[in-house]
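Residue numbers begin at 1 in each chain, while the letters A, B, ... track the order of the sequences. Source: prediction; values computed, not measured.
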There are 2 protein chains.
Amino acid sequence: MKGFAQNSPRIRDVADAAGVSTATVSRALSAPDRVSADTRAIVLKAIEETGYRVNHAARNLRRRQAGGIVVLVPNLANPFFSQILSGITFAMATSGYNVLIADTRQAPNAEHRILDYLHNNRADGLIVLDANLPEDVLSAGDTPNHHPPIVFACEWLDADPRPTVTIDNEEGAKLAIRHLADLGHTRIGHLMGPPDNILTITRAKGARAALAELDLAIRQDWFFDGDFSLASGAAAAHAWLALNDRPTAVFCASDAMACGFIGELHHKGVRVPDEVSVVGFDDIEIAAHFVPSLTTIAQPRALIGETAARKLLALIAEGRENGSATGASDILPVQLVARESSAPPR
Amino acid sequence: MKGFAQNSPRIRDVADAAGVSTATVSRALSAPDRVSADTRAIVLKAIEETGYRVNHAARNLRRRQAGGIVVLVPNLANPFFSQILSGITFAMATSGYNVLIADTRQAPNAEHRILDYLHNNRADGLIVLDANLPEDVLSAGDTPNHHPPIVFACEWLDADPRPTVTIDNEEGAKLAIRHLADLGHTRIGHLMGPPDNILTITRAKGARAALAELDLAIRQDWFFDGDFSLASGAAAAHAWLALNDRPTAVFCASDAMACGFIGELHHKGVRVPDEVSVVGFDDIEIAAHFVPSLTTIAQPRALIGETAARKLLALIAEGRENGSATGASDILPVQLVARESSAPPR
DNA sequence: TAGTTTCATGCAATCGATTACATCGCTGCA
DNA sequence: TGCAGCGATGTAATCGATTGCATGAAACTA
């Protein structure tokens with residue numbers, strides 16, 4: 001036995017069964033209006049009877065395409081991305097393209113494998129959720145003709161012309177700060193993401209801008225370092241506790257950090273929002289069920305994935321016909337969701 | 001312009017550059033010891049110079065394979081699965097196989113597309129994380145030669161001979177119940193998953209067995225219905241509150257439900273573990289940071305994914321050589337992690 | 001030294017679907 | 001009646017890598 005693929009019917013078998021040529025069968029499938037209605041019916045019946053399935057390898061070879069798109073995820077184990085993936089697969093479901101996922105931070109030689117994806121094999125397009133890839137991997141200018149279309153989602157490269165799907169991060173941060181100020185807080189801190197990350201930078205910028213608008217203090221020691229993770233949120237709790245002069249509210253750049261922060265404070269006997277108010281960012285599913293439930297900036301994760309996928313499909317189709325690759329970018333709206341973790345200061 | 005793939009070098013170009021035949025180039029890549037060391041070096045250099053990348057469509061066509069494996073996930077948006085996926089992609093990274101993901105509960109006509117995966121195209125193997133697929137889709141007996149190898153992970157079909165990678169669910173449930181009993185609880189309830197799910201059944205069975213061993217009450221009204229989700233945990237909180245005669249501890253079949261349960265009780269002013277102890281199942285990342293931190297049964301999710309992937313690779317390789325598809329199954333160990341959400345009854 | 005084996009390599013068929021081009025029969029118009 | 005035009009279909013080349021078989025050289029055996 002050499003495998004299971006042995007005796008599966010080919011397009012030739014269908015053609016014979018239907019009494020037509022393979023070309024007609026092929027057309028009945030991929031260009032239905034190029035065959036007469038009668039013939040199409042006969043072919044479809046023959047396909048049914050033989051149990052024929054197209055061989056994608058052959059189709060892709062002939063069409064000079066890969067038949068799939070690749071999603072580069074910084075960390076698959078991070079639940080934040082699962083709903084984005086869900087949106088992507090949803091939008092891709094009817095497209096005929098496969099969805100491949102690759103974890104960019106995963107050994108071994110991830111970099112080499114990503115290059116493999118980029119150089120016009122394996123993928124007809126890419127959705128990149130990680131803008132912190134090695135510089136050269138994503139460099140825009142070089143040999144543009146050898147890259148499949150790319151759409152950035154969530155994260156992006158500054159001053160890069162390629163299309164992106166993002167949310168209004170700056171506005172989100174402002175909403176958070178204003179919300180806390182509205183509650184009466186005047187001493188507001190910010191727990192940031194990883195240093196080089198564009199989201200970190202943008203959200204911190206928004207936070208600063210809002211604080212400035214409101215004439216509130218912007219204190220370096222109230223801007224805590226983190227990396228979006230639960231653990232870094234817990235670590236920030238210690239930093240907060242160590243301060244002599246503490247902010248009465250902290251805006252965290254991710255819900256995960258907010259949960260870690262609150263959880264660790266709880267262990268130390270500090271109550272939220274009684275002693276400190278907390279606002280998160282993302283509105284992950286657990287946010288509504290956390291104790292206390294988490295005030296946060298909601299971003300439409302599934303929609304981000306869906307939008308990015310549709311945009312990529314459009315780019316692929318466009319590139320097939322002519323070369324006018326438009327790089328329009330979408331900015332999806334964010335929304336403040338007020339819950340228990342934020343309250344007026346004591 | 002017709003696309004980006006236009007002028008990418010073919011194996012012919014490499015052969016010309018190296019002054020050898022295409023056969024030799026091909027062998028230098030896929031069977032290095034069939035060419036002399038000298039030739040191999042020359043070929044590798046030529047590949048480097050030309051920037052050649054194999055065309056996977058052509059390779060797969062010739063090799064009569066799909067070049068990828070498919071993971072069927074019941075719900076991609078559920079973070080529980082992301083770490084399993086992470087383990088799978090990790091184990092697959094060096095294999096040369098692509099990892100495709102498909103959400104089995106996603107419109108439209110998901111069923112049809114799954115059949116597509118099953119019938120020896122697109123995928124050289126499947127990892128199935130959802131044992132509740134339509135019967136006929138996964139029926140074991142029919143036309144076995146037309147199915148690629150399948151490995152079930154997490155969930156499985158009862159009395160199905162195909163290989164599975166699971167954890168010891170029954171033992172996990174027993175650990176949870178015994179832990180609560182050790183703390184002094186005698187009135188213990190169980191929040192279950194979706195009715196037809198094999199995990200629900202097995203964990204409930206383990207819970208019942210442990211309660212029986214300990215001579216504790218097994219009360220129908222203390223077995224709550226759920227579906228593994230946060231929302232169903234919150235709903236169960238209302239069921240618990242509605243009881244006149246309440247259990248002092250509840251073992252939940254998933255961490256998500258445990259969090260939903262605790263969160264909703266919190267809203268109603270009921271404190272955990274003061275008024276009721278809670279034990280979860282899964283040890284998702286947030287469990288350690290929840291308020292209160294969650295006592296739970298840890299299962300090695302990344303390892304499950306990794307094990308399933310390796311098993312599948314072995315099956316694929318095996319099927320290529322001879323037909324002895326061994327169906328050995330792995331049961332990975334679980335572990336109780338005691339945290340704050342469980343304490344002696346008042 | 002002649003015969004046999006082994007190793008490295010080349011030649012060319014092959015995987016299965018798509019599609020440019022050719023063909024054929026009709027319709028419609030002059 | 002004759003011919004352009006059109007729609008439906010067939011023929012056969014093609015996509016690019018792999019691999020069975022053949023070949024020639026080198027190494028080994030008797």
Determine whether a donor-acceptor pair (N or O, by modelled atom type, separation under 3.5 Å) exists between the side chain of B/Asp16 and the backbone of B/Asp13. no
Does either side chain, that of A/Thr307 or that of A/Asp330, offer a donor lying less than 3.5 Å from an acceptor on the other one? no
How far apart are the C-alpha atoms of B/Ile316 and B/Tyr97, what are their side-chain angles, what is the distance that settles it, and do they pass the side chain to side chain contact (heavy atoms under 4.5 Å, CB included) test? CA-CA 11 Å; B/Ile316 293 173; B/Tyr97 285 99; 3.4 Å; yes
Rounded to the nearest Å, what distance is computed from the NE2 atom of residue B/His56 to the C1' atom of nucleotide D/dC15? 16 Å
Return the value, rounded to whole Å, for the distance between atom CZ of A/Arg12 and atom C1' of D/dG10. 10 Å
Rounded to the nearest angstrom, tell me the gap between atom CD1 in A/Ile42 and atom C1' in D/dT9. 13 Å
Could you tell me how far apart A/Asn55 (CG) and D/dC15 (P) are, to the nearest whole angstrom? 18 Å
Check whether any side-chain N or O of A/Arg64 sits under 4.0 Å from OP1 or OP2 of D/dC15, and answer yes or no. no
Protein proximity profile, nucleotides 6-14 of chain C - base contact B, sugar-phosphate-only contact S, no contact -, cut-off 4.0 Å on heavy atoms: --SBBB-BB
Does one side chain, of A/Asp130 or A/Thr104, offer a donor that lies under 3.5 Å from an acceptor on the other? yes
Could you check how far CZ of A/Arg63 sits from C1' of C/dA20, rounded to whole Å? 15 Å
Has A/Asn60 got a side-chain atom pairing as donor or acceptor with A/Ala66's backbone, closer than 3.5 angstrom? yes
Send over the distance from A/Asp13 CG to C/dA17 P, rounded to a whole Å. 9 Å
Please name the pair of heavy atoms, one in A/Lys311 and one in A/Thr164, separated by the smallest distance, quoted to 0.1 Å. CE-O, 4.0 Å
A/Ala58 side-chain proximity, nearest of C/dT18, C/dA17, D/dG16: C/dA17
In whole angstroms, the gap separating P of D/dA17 from CG of B/Leu61 amounts to 12 Å
Salt bridge (charged side-chain N to carboxylate O under 4.0 Å, His left out): which pairs involve residues 34-45 of chain A, sequence neighbours left out? A/Lys45-A/Glu49
Compare side-chain N and O positions of A/Tyr52 against OP1 and OP2 of C/dG16 and report whether any pair is under 4.0 Å apart. no
When the distance from CD of B/Gln65 to P of D/dA17 is rounded to whole Å, what number comes out? 15 Å
